[in-house]
Peer 1: 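There's a structure below that I have some questions on.
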Amino acid sequence: MAILTKGPRGTQDIMPGDTGRWQYVEQVTRETAGLFGFREIRFPTFEHTELFNRSVGDTTDVVQKEMYTFKDKGDRSITLRPEGTAGVMRSAVEHGLLTEALPVKLSYLISCFRYEKPQAGRLREFHQFGCEMLGADSPAADAEIIAMVNEIFQRLELKEISLEINSIGCPTCRAKYHEALRAHFSARRDELCDTCRERLEKNPMRLLDCKSPICKEIAKGAPTVLDFLCEDCSSHFEELKNRLTSMGISYTVNPTIVRGLDYYTKTVFEFVSGNIGAQGTVCGGGRYDGLIEQLGGPKMTGIGFAMGLERLLLVMEHSGSPFPEETPCKLYLGSMGEAAAIKAAALVAGLRSEGFRAENDLMGRSVKAQMKYADKLSAQYSAIIGDNELSSGLVKVKNMVTGEQHEVKLSLDEDDDDSLLNFLYHTGFAELTDAIEDAGL
Ligand code: ATP
Ligand code: MG
């Protein structure tokens with residue numbers, strides 16, 4: 001019955017040894033987004049299928065091949081979200097967020113679902129952190145969004161990642177570009193893969209994205225979108241570049257970036273790493289000026305991005321970015337005998353209220369086995385209470401690294417310098433002073 005002991009293909013369990021890394025990344029992304037004025041929004045894991053057909057676009061891989069779509073018991077077509085933007089837009093329109101002061105800045109941290117072929121950096125359930133800025137048309141907004149991703153990566157000390165930008169124009173200039181692409185690809189129509197032949201009419205830009213070697217080869221000589229931009233799109237792109245330069249953010253212009261989803265206009269960008277295999281795009285984003293209207297909302301522009309957290313963690317691990325240490329167990333308070341065990345539990349509860357991670361015996365182990373367990377926990381200090389300690393009110397606390405012992409009062413009295421509580425506080429200070437000295441501050 002492997003089905004009961006092995007998760008579905010393309011899913012990943014995040015184990016206790018790894019959740020600390022996830023929490024850290026989530027905290028940094030949320031905090032940075034907060035500094036840029038983005039407020040978190042939460043929305044359902046599933047939506048009406050039509051929402052994704054309309055927004056992501058029915059000529060995209062996501063809609064054509066990758067969606068988890070099913071009929072619910074009320075015979076409605078439901079889809080597990082393959083991305084976040086559609087849900088955020090639906091929710092913002094439904095709740096009148098777009099009538100608030102502009103720009104509206106929203107962030108989200110979600111799981112997404114796509115039926116894809118699992119491989120490194122490509123899962124069927126994965127996680128995205130994303131942001132959307134609505135109602136700001138100017139390149140300043142594009143620059144701010146990109147600067148924010150850049151700031152997140154700097155805070156995470158992410159190396160080996162580069163920014164690539166492009167403009168894919170607006171519906172007006174893109175029409176001419178589509179014509180040019182159709183002319184280019186039609187000349188070798190018979191050699192194209194089946195999917196590309198189908199897309200040639202409806203969405204020729206997608207052919208630039210095809211992974212088949214022959215389509216890639218044909219795409220090499222294709223006209224570039226930047227030669228077709230109208231005045232407005234072109235000056236928008238120029239100003240974005242100037243702003244990035246003035247903020248000290250380096251980038252390269254890559255005219256082959258078209259992005260997988262249908263709703264993008266003007267600016268598109270990706271942060272790419274060459275070190276995590278074929279799936280190197282950690283973050284993708286762009287402007288989607290027609291999307292809100294297309295979903296039945298007001299005429300309002302938008303720009304956003306989504307970063308894949310699994311890929312982000314892969315790059316961080318590969319490039320040796322630092323992760324915070326797990327909070328260590330400060331004290332293992334062992335015991336000998338029933339009365340001492342009860343006392344130990346009460347003291348440990350008190351220490352936890354004071355913010356210390358502390359543990360006591362829950363297994364009825366021998367003292368020797370308790371000490372072995374304290375070692376396994378990598379507890380910084382340990383102490384054992386028995387009848388003697390109960391009657392004297394004193395206990396020896398052992399530094400588990402140096403073996404040094406200190407006798408303290410078996411009490412959590414904060415006014416008593418010799419109490420166990422104050423001992424632990426002071427060792428905290430001592431460690432802090434050592435750390436400050438080590439850092440040369
Ligand atoms: P790809 O080029 O890998 O197919 P995409 O263009 O489909 O990516 P987007 O829809 O732009 O990706 O999603 C934004 C980010 O979400 C990606 O850059 C990536 O980091 C992450 N992502 C997308 N699909 C997956 C997946 N199946 N597994 C893990 N992460 C993913
Ligand atoms: Mg994809």
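Every number for a ligand or one of its atoms is a count from 1 in the order of the listing.
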Peer 1: Just going by heavy-atom distances, which of Glu83, Gln128, Arg259, Glu270 is nearest to atom 13 (O) of ligand 1?
Peer 2: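 It is Gln128 that holds the nearest heavy atom.
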Peer 1: Would the Tyr425 and Phe356 ring centres measure less than 6.0 Å apart?
Peer 2: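 Yes; Phe356 has its ring centre under 6.0 Å from that of Tyr425.
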Peer 1: Just which atoms of ligand 1 are under 4.0 Å from any heavy atom in Ala306?
Peer 2: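 Close to Ala306: 14 (C), 15 (C).
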Peer 1: Is there a heavy atom in Glu116 that sits closer than 4.0 Å to ligand 1?
Peer 2: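 Distance cut 4.0 Å: Glu116 passes for ligand 1.
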Peer 1: Report yes if Val282 has an N/O atom closer than 3.5 Å to an N/O atom of ligand 1; otherwise report no.
Peer 2: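 The answer is yes, given that Val282 and ligand 1 share an N or O pair closer than 3.5 Å.
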Peer 1: Going by an N to O cut-off under 4.0 Å, is there a salt bridge joining Asp194 and Arg197?
Peer 2: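 A salt bridge is present here (some side-chain N lies under 4.0 Å from a carboxylate O).
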Peer 1: Quick one: does any side-chain atom of Ser91 pair with a main-chain N or O of Val88 as donor and acceptor, under 3.5 Å?
Peer 2: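 Checking the backbone N and O of Val88 against the side chain of Ser91, no donor-acceptor pair under 3.5 Å is found.
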Peer 1: Just jot down the ligand 1 atoms closer than 4.0 angstrom to any heavy atom of Leu123, in number order.
Peer 2: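 Heavy-atom distances to Leu123 below 4.0 Å select 26 (C), 27 (N), 28 (N), 29 (C).
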Peer 1: With backbone taken as N, CA, C and O and side chain as the heavy atoms from C-beta onward, which portion of Arg311 lies under 4.0 Å from ligand 1: side chain, backbone, both, or neither?
Peer 2: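 Side chain only; the backbone of Arg311 stays clear of ligand 1.
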Peer 1: Nearest heavy atom to atom 22 (N) of ligand 1: which of Tyr264, Phe126, Tyr115 does it belong to?
Peer 2: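 Among Tyr264, Phe126, Tyr115, the closest heavy atom to atom 22 (N) of ligand 1 comes from Phe126.
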Peer 1: Taking atom 4 (O) of ligand 1 as the point of reference, which of Glu66, Arg122, Gln12 owns the nearest heavy atom?
Peer 2: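 Going through Glu66, Arg122, Gln12 one by one, Arg122 has the nearest heavy atom to atom 4 (O) of ligand 1.
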Peer 1: Checking Ser138 side chain against Ala140 main chain: does a donor-acceptor pair fall under 3.5 Å?
Peer 2: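 A pair under 3.5 Å: yes.
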Peer 1: Decide, yes or no, whether a salt bridge links Arg9 with Glu125 under the criterion of side-chain N to carboxylate O below 4.0 Å.
Peer 2: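 No.
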Peer 1: I'd like to know if the side chain of Arg311 reaches the main chain of Gly121, judged simply by a donor and an acceptor atom lying under 3.5 Å from each other, with no hydrogens or angles considered.
Peer 2: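 Yes; judged by distance alone, with no hydrogens or angles, the pair exists.
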Peer 1: For atom 20 (O) of ligand 1, which candidate among Val315, Val272, Thr281 holds the nearest heavy atom?
Peer 2: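 Heavy atom nearest to atom 20 (O) of ligand 1 belongs to Thr281.
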Peer 1: Does Lys159 NZ have over 12 foreign heavy atoms under 6.0 Å away?
Peer 2: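 Above 12, so yes.
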Peer 1: Are any of the N/O atoms on Gly308, whether in the backbone or the side chain, positioned under 3.5 angstrom from an N/O atom of ligand 1?
Peer 2: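 Right, the criterion is met.
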